[in-house]
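None of these values were measured; they are calculated from a predicted model. Start at 1 with the first residue, then count along the sequence. Remember, it's 1-based here, ligands and their atoms both numbered in the order they're listed.
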Amino acid sequence: MRQLDTDILILGSGGAGLFAALHAHKANPALSITVAVKGLLGKCGCTRMVQGGYNVALAKEDSIERHFMDTIEGGKWLPDQDLAWKLVTLAVERIHELENELGCFFDRNPDGTVHQKAFAGQTFDRTVHKGDLTGIEIINRLAEQVWARKIRRLEEFRAIELIRNRSGSAIAGVLFIDMRTGEYTLVRAKAVLLATGGGPTMYKYHTPSGDKTCDGLAMALRAGLALRDMEMVQFHPTGLLAGTHTRMTGTVLEEGLRGAGGHLLNGARERFMPRYDPLAERATRDFVSRAMFTEMRTGNVGPNGGLYISMAHLGKEKVRKDFKGMVERCEDCGFDLAGGLVEVVPTAHYMMGGVEFAADCSTGLKGLYVAGEDAGGVHGANRLGGNGVANSTVFGAVAGDIMANWVEKEGSLLDFDPSVLNEAISRCEMPFTSKPLSHGSLEPVRERLHEVMWNKVGIIRDEAGLRAALSELDSLEVELARTGIADGNRAFNLTWHDWLNLKSLVQVSRVIAEAGLARTDSRGAHYREDHPEAGPLEDSAYTSVHEEGGRLRIDMKPVRFTRVKPGQSLLRDAA
Ligand SMILES: Cc1cc2nc3c(=O)[nH]c(=O)nc-3n(C[C@H](O)[C@H](O)[C@H](O)COP(=O)(O)OP(=O)(O)OC[C@H]3O[C@@H](n4cnc5c(N)ncnc54)[C@H](O)[C@@H]3O)c2cc1C
C-alpha cells in the first residue's frame with residue numbers, strides 16, 4: 001500500500017480546512033501540511049455554496065455580547081457557552097483577516113462601512129455578505145492563498161478510516177482511497193484535523209454539496225469518539241421545489257429573502273406565518289420549517305406539494321438588484337422570483353450535531369482535532385443563519401494555530417494498528433467480494449433512505465416513527481450489504497463511492513434517530529409531537545452518542561452554563 005507521511009493532515013477543504021491550513025502554515029512554515037479532499041480544492045463542500053453571509057458584531061451599536069445572546073437563545077440554551085463565546089469573539093478577527101489579509105471584498109455602505117444585512121433570529125442586522133453569493137468570494141480567496149504556499153494537496157482523495165496507534169491512545173494517520181486510481185493510501189500524520197463538513201444528505205430534500213455524506217462523523221464514531229446533539233438537524237425553510245426531474249430541487253433560496261420581508265404563502269396563496277409566530281417569516285428556521293410542514297400536512301399546497309415564497313410586494317427591481325444570484329437561480333428553473341411565486345419546501349441544510357470537542361478543537365483522541373460542521377456543540381438546538389461560515393472559519397483557524405504548536409512540542413509519527421487498517425479495507429471491498437446477491441442499482445436504497453428520514457426523522461417526530469425508522473435503517477443496511485457492484489475496476493468507480501456514501505449516511509442516520517428517541521422534549525430543530533414541551537431550561541441536557549461493542553450508547557449530559565444562566569442575559573448584566 002502506498003504510504004505518505006506529513007506533520008499535519010487536514011481532511012476537507014471548506015472554510016474550516018483551508019483556514020486551518022493557512023494558520024498552521026503561518027504559525028510554522030517549516031511544517032509539512034497536507035490537505036486531502038474528496039473533491040477538488042476550492043470547488044467542493046458547502047462553504048463555497050454560502051449565499052447569505054457571515055455573522056459578526058462589527059457595527060458600533062452591536063456587540064459580541066448581543067451576538068452571543070442571540071446564539072444561545074437561538075440554540076435554545078443547548079450550545080456549549082465557551083464554544084459560542086469563542087465563535088462570536090473570534091468572528092471579528094476572522095472577518096478582518098478575510099478582508100485585509102486574504103483579499104475578500106464584501107458589500108459596503110455608501111459611507112464605506114461594511115454592509116450588514118438582516119438574517120432571521122437575530123436582534124441586530126449583522127450578516128456581512130458579498131451580494132448573495134458570499135461563499136464563492138471566501139473560498140476563491142482562501143484557495144488562492146493555499147495554492148500560493150507550499151501546502152501539499154491530495155485531491156479526489158477520500159478519507160475512509162481514522163487509524164489509531166498500536167495502543168489505541170492516539171491518532172496515527174488516515175486511510176484513503178485515491179479516487180482517480182482506486183488505490184488505498186495510508187497517510188501518517190502527527191496531527192489530523194477532521195473538517196469534512198457533516199452534511200445531512202440522507203433527507204429527500206437537502207441543500208449540501210453532493211460530496212458531503214457524513215463520512216467524517218461515521219469515521220469518528222468508528223474511532224470511538226462521542227457525537228453530541230445529533231438529533232439537531234436544521235431544515236432551511238426555503239428549498240427550491242422544481243420537480244423530481246432536477247437536482248435543483250432542495251437547493252436553498254437564501255435566508256435574506258425572508259429577512260428582507262419576503263412572504264410565505266400556502267397553496268391558496270394566503271400568507272400563513274403570522275398565524276404561527278409573531279415574528280412571522282423572520283422567526284428562526286426551526287419555527288418557520290415546522291409551520292410550513294404543518295401547513296403542508298393540511299394539503300393546502302402547490303403543484304409539487306410545497307408552498308410559495310413571494311417577493312413582488314417589495315418591488316421587482318429592488319429584488320432583482322438585492323438578490324441577483326437568487327433571481328437568476330430561479331430563472332434557470334423557470335421561476336420568476338422578483339415578480340411571481342416560487343414553490344419552496346423545507347430542506348435539510350445543516351447538522352448542529354457533531355464530534356464533541358474543546359474550545360481548542362481537541363477531541364477525545366490525542367492528536368485528532370475537529371472544526372467546522374463536523375464539530376458539535378457550538379449551536380445547540382438551532383444554528384442561526386450566518387453562524388455556519390463564521391463557525392468553520394473561526395474554529396478552522398483555531399485548529400491550525402493549535403495543531404502547529406502541538407506538533408512542534410509533542411507530535412510524532414506513530415506506529416499504526418494494522419488490524420484497523422485491514423478491517424477498513426475489508427469493509428470497503430465488501431461490494432466487490434461478498435458474493436453479492438444482486439448487482440442492482442443503488443437508487444432504490446437511496447430513495448428508501450430519503451423517504452424514511454424525511455417522513456419519520458424529519459421536521460416533526462414521534463416515538464413510533466423513530467422506532468419504525470430504526471428498523472427501516474436496519475433493513476437498508478442489509479440491502480446495501482447485498483447490493484454488489486458489477487464493475488470491478490476501482491479507478492474513478494463512482495458507483496463504488498456512492499455505495500460508500502450510502503454506508504456512511506445509513507450509519508449516521510441511525511445516530512440521528514437514536515438521539516431523537518433519547519430526547520424526550522422539543523427544542524429548536526428537534527420537535528417531538530409526543531413530547532411538545534421544551535422542558536425546564538435550567539435542566540438542559542445534550543445527547544452524547546458513542547459506539548460500544550458495535551452498539552450505540554446514548555447519554556444525556558448536563559449543559560454547563562459557564563457564562564449565563566437561563567433567565568439571565570449578558571446584555572442586562574452589562575447594563
Ligand atoms: C447552499 C448553502 C448555503 C449556505 N449559506 C450559508 C450562509 O449564508 N451563511 C452561513 O453561515 N452558512 C451557510 N451555509 C452553511 C455553511 O456552508 C457551512 O456551515 C460551512 O461552510 C461548513 O464549512 P466546513 O468547512 O465545515 O465544511 P465544507 O465547506 O462543507 O467542506 C467540507 C469538505 O470536506 C470534504 N470531504 C467530505 N468528505 C470527505 C472525505 N471522506 N474525505 C476527504 N474530504 C472529504 C468535502 O469535499 C469538502 O471539501 C450554507 C450551506 C449551504 C449548503
Side-chain angles (χ1 to χ4, degrees), residues 9-20 35-56 87 91 117 119 127-130 132-136 138-139 142-143 154-162 174-177 179 187 193-201 206-219 234 236 238-240 250-256 259 285 325-326 329 347-352 354 370-375 378-379 383-396 399 497 500-501 504:
L9 173 61
I10 294 166
L11 306 181
S13 68
L18 295 185
F19 251 101
V35 180
V37 51
K38 200 172 174 183
L40 297 176
L41 191 144
K43 302 288 179 204
C44 56
C46 286
T47 308
R48 193 178 173 82
M49 298 164 81
V50 163
Q51 300 174 345
Y54 190 121
N55 287 349
V56 54
L87 171 77
K117 67 176 163 184
F119 253 28
T127 308
V128 171
H129 61 108
K130 164 93 174 181
D132 55 5
L133 295 173
T134 310
I136 293 178
I138 293 177
I139 281 293
L142 286 173
L154 299 173
E155 294 175 290
E156 295 177 322
F157 238 70
R158 178 193 190 123
I160 50 170
E161 202 72 338
L162 303 173
V174 177
L175 181 63
F176 290 89
I177 296 171
M179 295 167 74
V187 180
L193 177 69
L194 193 63
T196 63
T201 52
H206 60 252
T207 68
S209 57
D211 49 325
K212 298 220 301 189
T213 51
C214 296
D215 297 342
L217 297 176
M219 287 190 289
Q234 178 167 80
H236 193 297
T238 49
L240 185 60
T251 58
V252 84
L253 297 179
E254 70 132 311
E255 181 121 323
R285 292 174 177 180
M326 295 300 104
R329 167 170 294 189
T347 178
H349 187 50
Y350 187 90
M351 301 175 81
M352 276 72 80
V370 67
E373 205 175 323
D374 272 346
V378 181
H379 313 289
R383 171 182 71 89
L384 295 183
N387 268 0
V389 62
N391 172 54
S392 56
T393 54
V394 160
F395 287 100
H497 288 284
L500 294 168
N501 289 344
S504 295

If you compare Met49, Glu255, Arg383 by their heavy atoms, the one closest to atom 15 (C) of ligand 1 turns out to be Arg383
Does His349 come within less than 4.0 Å of ligand 1, judged by its heavy atoms?
-> yes
Lys/Arg-Asp/Glu bridge criterion (N-O < 4.0 Å) met for Lys117, Glu254 = yes
Report, in ascending order of atom number, the atoms of ligand 1 lying under 4.0 Å from any heavy atom of Asp215.
-> 38 (N), 40 (C), 41 (N)
Per side-chain contact (heavy atoms from CB on, under 4.5 Å), His497 is matched among Glu156, Met179, Lys38 by Met179
Test side-chain contact (heavy atoms from CB on, under 4.5 Å) applied to Arg48 and Leu142, Ile138, Ile136, Leu133, the passing residue = Ile136
With sequence neighbours left out, write down each residue that passes ring pair (Phe, Tyr, Trp, His ring centres under 6.0 Å) with Phe119, or none if nothing qualifies.
-> none
Please name all residues satisfying side chain to side chain contact (heavy atoms under 4.5 Å, CB included) with Thr201, sequence neighbours left out, ordered by chain then number.
-> His206, Pro208, Thr213, Leu505
Can an N or O of Thr47 be found at a distance shorter than 3.5 Å from an N or O of ligand 1?
-> yes
Counting each atom of ligand 1 from 1 as listed, which ones have a heavy atom of Gly52 under 4.0 Å away?
-> 8 (O)
The atoms of ligand 1 lying under 4.0 Å from a heavy atom of Gly388, numbered in the order shown, are 10 (C), 11 (O), 12 (N), 19 (O)
Heavy-atom proximity to atom 44 (N) of ligand 1, best of Glu373, His236, Lys38 = Lys38
Under 4.0 Å from one or more heavy atoms of Val37, ligand 1 contributes atoms 43 (C), 44 (N), 47 (O), 49 (O)
Geometric N/O contact Val50 with ligand 1, under 3.5 angstrom = no
For Gly372, the ligand 1 atoms with a heavy-atom partner under 4.0 Å come out as 26 (O)
Can a non-hydrogen atom of Phe157 be found less than 4.0 Å from any atom of ligand 1?
-> yes
Answer yes or no: is there a side-chain heavy-atom contact under 4.5 Å between Val37 and Asp211?
-> no
Nearest heavy atom to atom 40 (C) of ligand 1 wins, so pick from Gly53, Gly12, Ala159.
-> Ala159
Below 4.0 angstrom from a heavy atom of Ala16, which ligand 1 atoms are there? Numbered from 1 as shown, please.
-> 25 (O)
of all protein heavy atoms, closest to atom 17 (O) of ligand 1 is Cys46 O, 3.1 Å
Leu162 side chain near Val174 side chain, heavy-atom distance below 4.5 Å | yes
Distance filter under 4.0 Å to Ala195 heavy atoms, resulting ligand 1 atoms | 32 (C), 33 (C), 34 (O)
Ligand 1 atoms in contact with Gly386 (distance to a heavy atom under 4.0 Å) = 9 (N), 10 (C), 11 (O)
Is it the side chain, the backbone, both or neither of Val252 that has a heavy atom closer than 4.0 Å to ligand 1?
-> side chain
Is the closest heavy-atom distance from Gly385 to ligand 1 below 4.0 Å?
-> no
Glu255 side chain reached by Thr127 side chain, heavy atoms, under 4.5 Å = no
Got an N/O contact under 3.5 Å between Ser13 and ligand 1?
-> yes
